[in-house]
Amino acid sequence: MTATRVLVLNSGSSSVKYQLLDMRDSSRLAVGLVERIGEETSGLKHTPLANGGASREQTGPIADHEAALKAVAAELARDGLGLDSPELAAIGHRVVHGGRHFTEPTVIDDTVVAEIERLIPVAPLHNPANLTGIRTARVLRPDLPQVAVFDTAFHTTMPESAARYAIDVRTADEHRIRRYGFHGTSHAYVSRATAHLLGKDPSEVNVIVLHLGNGASASAVRAGRCVDTSMGLTPLEGLVMGTRSGDTDPAVIFHLARVGGMSIDEIDTLLNKKSGLIGLCGDNDMREIRRRIDQGGEDAEQARLAFDIYIHRLRKYIGAYYAVLGRVDAVVFTAGVGENAAPVREAAVAGLEGLGLAVDADRNAVRSGEPRLVSPEGARVAVAVVPTDEELEIATQTYALVESGKSE
Ligand code: ADP
């Protein structure tokens, strides 16, 4: 029997998201989520899509990631999809930070684990959680190929002129301070899918990708390679996000410390968790912000200001990346806001006809899960909506690596 299944694991500090895919047709056999690991009220939701089954949910203490993965394995086994199945080809792990070292998906061994560990100082929140998932999965299936797919990998092609901050070179190098970028798996998948939507090979097109979820980032992709992206050393830089400020004058931090008396940890929390849309208007969900604006009245004012600041920053990045690329074939919107919020897409390109950018109102209003054009017929630059699929991309990269290893 050929092994064609890939389990994709996305391990966060207190959660594990997973999907089991069959790579013969990229179909999803099961999806699920373990939340609140380490608490009394941990929850597991498992949906066996292959068997058309209804979701199964359980709550109760799940002590750690090992217990979480064992619970996931038990759920999969109930559907005949267990981790011990000979049809399982590999496990693909999402790893947030691969530094400069990991430019491609990589089969995990002890050296790779050590290197991901070495990157913890630049990804203190994410890499430890990703590592816990990797270690646990390796204990459960030591014989199975496990692959790390890095959020940063797609951005490692950025030239030094885009990747470096203009700070003292020796200090920057000593502390590995540079722009790494994140959401790379999504930018890679969406830029490629956009080329296909245009009937072109990725090497033939220049694309600006706007990944607008709760976290948000933009990238400039020339002929399939990333040449700039808006997130930097950490995911804090760039666009206005759900709870992150994006770009600010770094001196805001000195000011808050010296004049505001805040600690570094307090400022970290302020800029990462209490800023962006939620800091501006009390809501981080674009649906709620649009509802407040559409309802009007007093409640609309702050929501409108938050929306305008969000759009202003987005337009600045579209303009910047237009200049970085010189020629742009497509601007593409993806992730929760990008795929669903027609008013955001409309406002982002309003008045940019001079750059060849416009949306057609009817096309933009269509709701669909399919990749589609929203620009007018015959537009010089395509404006597109392409739903992202990070799990499929991780599974595809994982499977390709494992298969190529076999033929060597
Ligand atoms: P992440 O993966 O970063 O958590 P998603 O890509 O799932 O985020 O995007 C989540 C966000 O998408 C929500 O916070 C919300 O603002 C936005 N969103 C989801 N559906 C809609 C919608 N129908 N209209 C506007 N915004 C939406």
Side-chain angles (χ1 to χ4, degrees), residues 8-19 31-35 45 94-96 125-126 129-130 149 151-152 181-190 193 209-219 229-231 234-246 272-295 300 302-304 306-311 313-314 332-348 359 364-372 374 385-394:
V8 176
L9 288 181
N10 182 352
S11 308
S13 55
S14 65
S15 71
V16 175
K17 289 186 202 149
Y18 62 94
Q19 293 198 0
V31 302
L33 166 70
V34 188
E35 288 178 296
K45 182 172 180 185
R94 175 185 183 215
V95 180
V96 168
L125 296 180
H126 294 106
N130 302 157
V149 178
D151 262 23
T152 45
F182 299 89
H183 290 147
T185 308
S186 175
H187 287 279
Y189 175 84
V190 169
V209 181
L210 305 169
H211 176 112
L212 311 177
N214 203 18
S217 63
S219 69
T229 195
S230 60
M231 285 177 167
T234 77
L236 182 56
E237 192 179 346
L239 300 172
V240 176
M241 313 185 206
T243 66
R244 297 189 196 120
S245 62
N272 273 297
K273 304 238 166 82
K274 298 182 180 169
S275 297
L277 293 172
I278 205 156
L280 290 167
C281 74
D283 276 308
N284 64 334
D285 192 315
M286 190 53 80
R287 283 166 290 205
E288 190 55 23
I289 291 170
R290 287 306 314 174
R291 194 194 59 74
R292 283 169 60 182
I293 294 171
D294 293 342
Q295 262 185 0
Q302 271 193 316
R304 164 58 66 187
F307 185 81
D308 288 348
I309 295 170
Y310 183 95
I311 296 295
R313 185 84 52 84
L314 192 54
V332 55
F333 290 85
T334 193
V337 176
E339 290 165 29
N340 296 298
V344 169
R345 298 192 294 260
E346 186 190 327
V359 296
N364 194 36
V366 172
R367 297 188 63 85
S368 154
E370 294 299 313
R372 59 199 184 276
V374 295
V385 180
V386 173
T388 191
D389 195 337
E390 288 164 281
E391 288 78 15
L392 175 60
E393 180 68 13
I394 291 171

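Counting starts at 1 for both ligands and their atoms, in listed order. Computed over heavy atoms, backbone and side chain alike; hydrogens, waters and symmetry mates excluded. Because the structure is a prediction, the values reported are computed rather than measured.
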Open item on the list: Within the 3.5 Å criterion, strictly below it, is a donor on S275 or S245 matched to an acceptor on the partner's side chain?
Closed with: no
TODO: Please check if any side-chain donor atom of E339 sits under 3.5 Å from a side-chain acceptor atom of T334, or the reverse.
DONE: yes
Open item on the list: I'd like the residue list for ligand 1, meaning every protein residue with a non-hydrogen atom under 4.0 Å from the ligand.
Closed with: G213, N214, G215, N284, D285, M286, R287, A335, G336, V337, N340, A341, R367
TODO: Verify whether one side chain among S219 and H187 offers a donor that lies under 3.5 Å from an acceptor in the other.
DONE: yes
TODO: Let me see the working for H211 and S217 under side chain to side chain donor-acceptor pair (under 3.5 Å), right down to the final yes or no.
DONE: CA-CA 5 Å; H211 176 112; S217 63; 5.5 Å; no
Open item on the list: Quick check against the 3.5 Å criterion: does R304 have a side-chain atom that pairs as donor or acceptor with the backbone of Q302?
Closed with: no
Task: Contacts of R291 that satisfy salt bridge (Lys or Arg N to Asp or Glu O under 4.0 Å) - sequence neighbours left out - done: E288
